[in-house]
Amino acid sequence: MALIVQKYGGTSVGTVERIQAVADKVKRFREQGDDVVVVVSAMSGETNRLIGLAKEMQDQPAPREMDVLVSTGEQVTIALLCMALNERSCPARSYTGTQVRILTDDAHTKARIQDIDDENIRADLKAGRVVVVAGFQGVDDNGNITTLGRGGSDTTAVALAAALKADECQIYTDVDGVYTTDPRVVEGARRLDEITFEEMLEMASLGSKVLQIRAVEFAGKYDVPLRVLHSFQEGPGTLITIEDENTVERPVISGIAFNRDEAKLTVLGVPDIPGVASKILGPVSDANIEVDMILQNIAEDNTTDFTFTVHRNDYDRALSILERVSSELKAREVQGDNKIAKVSIVGVGMRSHAGVATKMFGALAGEGINIQLISTSEIKISVVIAEKYLELAVRSLHSAFELDEAEVVQES
Ligand code: ADP
Ligand code: ASP
Ligand code: MG
């Protein structure tokens with residue numbers, strides 16, 4: 001008998017029929033004798049619909065009210081799933097984040113879980129009930145409803161699994177595991193049997209939304225056995241694992257991530273004097289805008305160009321800040337581009353292989369794709385390119401690094 005935490009995403013609970021199918025599935029686990037805690041997302045499209053309603057009221061609604069609004073999506077699903085379970089003579093009880101007491105900080109719309117009270121859940125499990133918890137939400141010290149950021153139900157599930165010391169945390173979704181790249185973009189993408197926490201963390205933070213990044217962080221920190229599986233198809237899915245030093249042969253690259261969420265800004269002709277970077281980036285961070293990649297060129301004629309990327313939603317604000325700063329700094333010009341994309345190759349195998357970057361840049365050059373920015377870390381290389389080349393770039397890298405389905409060589 002095992003204790004399992006299962007999470008079903010939006011598409012998997014997107015209709016009444018699917019919620020019923022989830023109930024059938026949960027019941028089968030109960031019949032095998034497992035204790036089951038289920039975390040559900042809002043029905044697919046619901047969170048976006050709620051955000052749309054908010055936008056009709058106000059341009060920038062108060063984050064506290066946003067959380068009160070968007071947390072309702074998950075509340076609908078927990079109740080419906082419990083009804084479906086009870087209808088199947090499988091006793092179940094639903095909990096909102098507040099009712100469990102998933103305590104978070106007060107950073108509305110991107111709160112972090114601090115503590116989980118597992119008393120009610122344990123009592124229900126002991127009484128033979130399935131516990132169904134609303135994903136994506138918690139409560140702060142003052143009783144305000146908070147939410148955990150888009151995709152946050154993954155994090156709810158992993159945090160519950162950690163708190164309950166569950167035997168496994170199963171993330172059920174609309175694909176049958178973690179793939180070498182988004183299977184909806186590259187047809188030849190291949191499901192991975194395993195991926196390390198480190199690689200999954202990079203993939204998630206570089207744009208693969210199959211798991212929320214905080215869920216992966218949590219799982220790594222608390223040693224939660226984590227698996228991604230298809231909700232309605234049988235299969236082993238993908239296990240997120242700790243890197244095994246003994247694996248002799250591993251692929252150099254495990255996956256390719258990409259995202260279209262960034263925009264690029266450049267200040268041209270900045271005087272090359274100490275303090276310039278902080279004069280440019282200070283006001284940007286004061287406005288709560290996160291900066292991702294940064295590039296400063298070597299000075300020519302005592303002036304330099306300074307480029308960085310921000311989230312696309314922050315592009316307009318960042319641009320107007322830069323226009324102000326650049327006149328103060330007596331820079332020549334500010335340029336911006338919000339039609340860019342970031343493509344990253346990820347793999348722990350990179351540590352022991354030379355020439356990975358050369359191969360990546362060669363593959364892109366072969367397609368005539370210009371690289372605008374590069375950034376690297378121990379297990380990833382990212383490039384910024386024009387958005388229109390994104391799919392071409394991902395496909396060509398996927399085959400250059402022999403990740404395509406047909407090209408897999410059996411690992412020893
Ligand atoms: P859920 O609603 O179940 O949380 P998401 O839409 O958040 O599902 O995440 C699943 C989606 O993630 C898939 O449909 C797929 O398009 C996308 N995805 C992106 N990168 C990958 C990847 N490397 N492997 C698998 N899926 C990926
Ligand atoms: N419903 C939330 C979202 O759409 C949380 C989740 O599905 O994980 O982002
Ligand atoms: Mg998700």
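Worth knowing before you read on, the calculation uses all heavy atoms, side chains too, and leaves out hydrogens, waters and symmetry mates. Remember, it's 1-based here, ligands and their atoms both numbered in the order they're listed. Quick note: residue numbers are just sequence positions, from 1.
- For atom 7 (O) of ligand 1, the closest non-hydrogen atom of the protein is K209 O, 3.5 Å.
- Here the heavy atom of the protein found nearest to atom 3 (O) of ligand 1 is T173 OG1, 2.6 Å.
- For atom 2 (O) of ligand 1, the nearest protein heavy atom (residue, atom name, distance) is G10 N, 3.2 Å.
- The residue Q212 has no part lying near ligand 2, judged by heavy-atom distances below 4.0 Å.
- Taking only nitrogen or oxygen atoms, main chain and side chain alike, S153 reaches within less than 3.5 Å of ligand 2.
- Other residues, nucleotides and ligands contribute at most 12 non-hydrogen atoms within 6.0 Å of the CD atom of E187.
- In terms of protein heavy atoms, atom 11 (C) of ligand 1 is closest to D174 OD1, 4.0 Å.
- Those atoms of ligand 1 with a heavy atom of V178 less than 4.0 angstrom away are 24 (N).
- Each of the following atoms of ligand 1 lies closer than 4.0 Å to a heavy atom of Y179: 22 (C), 23 (N), 24 (N), 25 (C).
- Summary of contacts: the protein heavy atom closest to atom 15 (C) of ligand 1 is D182 OD1, 3.4 Å.
- Distances below 4.0 Å separate heavy atoms of S41 from the following atoms of ligand 2: 6 (C), 7 (O), 8 (O).
- Contacts between A257 and ligand 1, counted as non-hydrogen atom pairs separated by less than 4.0 Å, are absent for every part of the residue.
- What sits closest to atom 25 (C) of ligand 1 on the protein, heavy atoms only, is G177 O, 3.4 Å.
- Not a single N or O atom of T180, backbone or side chain, sits closer than 3.5 Å to an N or O atom of ligand 1.
- Under the rule for a side-chain contact (heavy atoms from CB on, under 4.5 Å), I298 has no partner lying at least two apart in sequence or in another chain.
- Residue contacts with ligand 1 for V228 are absent, since no atom lies close enough (heavy atoms, distance under 4.0 Å).
- Considering only residues two or more places apart in sequence or on other chains, D292 meets the side-chain contact (heavy atoms from CB on, under 4.5 Å) condition with E262, T309, K342.
- Polar contact check, R184 against ligand 1: a nitrogen or oxygen pair lies under 3.5 Å apart.
- Every N/O-N/O distance between G149 and ligand 2 stays at or above 3.5 Å.
- Two residues are said to be in side-chain contact when any heavy atoms from C-beta on lie closer than 4.5 Å; V270 and V267 meet this criterion.
- Salt-bridge annotation for R312 and E290: absent, with no side-chain N of the basic residue lying under 4.0 Å from a carboxylate O of the acidic one.
- Looking at V210, N259, V185, it is V210 that brings a heavy atom closest to atom 27 (C) of ligand 1.
- Considering backbone and side-chain N/O atoms, D154 never comes within less than 3.5 Å of an N/O atom of ligand 1.
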